[in-house]
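Each ligand, and each atom within it, is numbered from 1 in the order the structure gives. Values reported hereafter were calculated over all heavy atoms of this structure, with side chains retained and with hydrogens, waters and symmetry mates removed.
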Amino acid sequence: MSQPKILLLGPPGAGKGTQSKNIAETYDVDHVTTGDALRANKDMETEHGTPRSFMEAGELVPDPVVNEIVQAALEDADGFVLDGYPRNLSQAEYLDDITDLDLVALLDVDHGELVDRLTGRRVCSECGANYHVEFSPPEEEGVCDECGGELIQRDDDNEETVKERLNVFDENTQPVIDYYDDEGELVRIDGEGTPDEVWADLQAAIEDAV
Ligand code: AMP
């Protein structure tokens, strides 16, 4: 059987990165994440400008730039978990045209909790592991437990940009969730438990779907 093709939806801070990592390791599929791809190419010149200006404002990078990244990544992948895309209906339609999905899962988390999660988040600059200054601190402040890399705060994890990212989610990405829900394809996962609890529910949904 070919490897599973999984779409993980959810607001910023819902745990998509953490759970995508679990999926990629357990099912040996590619983790395709537009956020990481764009952060690695923030100053890439495109006819729409560089991604940096949009990202630092918490706005969406124009569709043609993001669609091209996803198209190239999916073409090369034998199974994938897609994280951070689609973020609006036009991206969802583009995705429909280029692939078939085995599972669309939503990590459901209340907005009030997301602001706390995102503003306290720290990310390893080497391996991408996630921490939280209060809820899951590293053993040594500022140092990654897994690889010893330096922990940093993402430029867009400040309170002002976080609030704009959540507005953009409500306006642009909520319709994507409704779209998959209306098609009867959406599986909702409670994203408010511990990472292990969320993973247990998500893995059960994957086993059901593939
Ligand atoms: P993330 O790491 O998924 O939270 O994404 C960080 C930022 O990258 C977002 O706030 C957007 O500016 C940009 N971005 C990531 N994915 C997309 C996408 N699918 N469409 C447009 N912009 C995106």
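- Proximity to Asp156 (heavy-atom distance under 4.0 Å) selects the following atoms of ligand 1: 6 (C).
- Annotation for ligand 1: atoms under 4.0 Å from non-hydrogen atoms of Tyr85 are 19 (N).
- In terms of heavy atoms, Glu192 sits closest to Asp110 at OE2-N, 2.7 Å.
- For ligand 1 and Val66, the ligand atoms under 4.0 Å from any heavy atom of the residue are 18 (C), 19 (N), 20 (N), 21 (C).
- The environment of CD in Glu139 is sparse: at most 12 heavy-atom neighbours from other residues, nucleotides or ligands sit within 6.0 Å.
- Relative to atom 21 (C) of ligand 1, the option among Leu82, Val61, Asp36, Thr173 with the closest non-hydrogen atom is Val61.
- Regarding atom 11 (C) of ligand 1, its nearest protein heavy-atom neighbour is Glu59 O, 3.4 Å.
- Checked by atom type and distance alone, the side chain of Lys16 pairs as donor or acceptor with a backbone atom of Pro11 at under 3.5 Å.
- The CG atom of Asp155 sits 7.0 Å away from the CZ atom of Arg52 when rounded to the nearest 0.5 Å.
- Taking CG from Leu202 and OG1 from Thr18, the interatomic distance works out to 11.5 Å, rounded to the nearest 0.5 Å.
- Between Asp78 atom CG and Asp28 atom CG the span is 8.5 Å, to the nearest 0.5 Å.
- Checking Glu171, Arg165, Glu164 one by one against Val168, the side-chain contact (heavy atoms from CB on, under 4.5 Å) holds for a single residue, Glu164.
- Taking all heavy atoms of Met55, Arg165, Arg87 into account, the minimum distance to atom 1 (P) of ligand 1 is reached by Arg87.
- Taking a cut-off of under 4.0 Å to the non-hydrogen atoms of Leu38, the atoms of ligand 1 that pass are 8 (O), 13 (C), 14 (N), 15 (C), 23 (C).
- Looking at Arg39, Glu164, Glu56, Gln91, it is Arg39 that brings a heavy atom closest to atom 2 (O) of ligand 1.
- Annotation: atom 16 (N) of ligand 1 to nearest protein heavy atom, Thr34 OG1, 2.8 Å.
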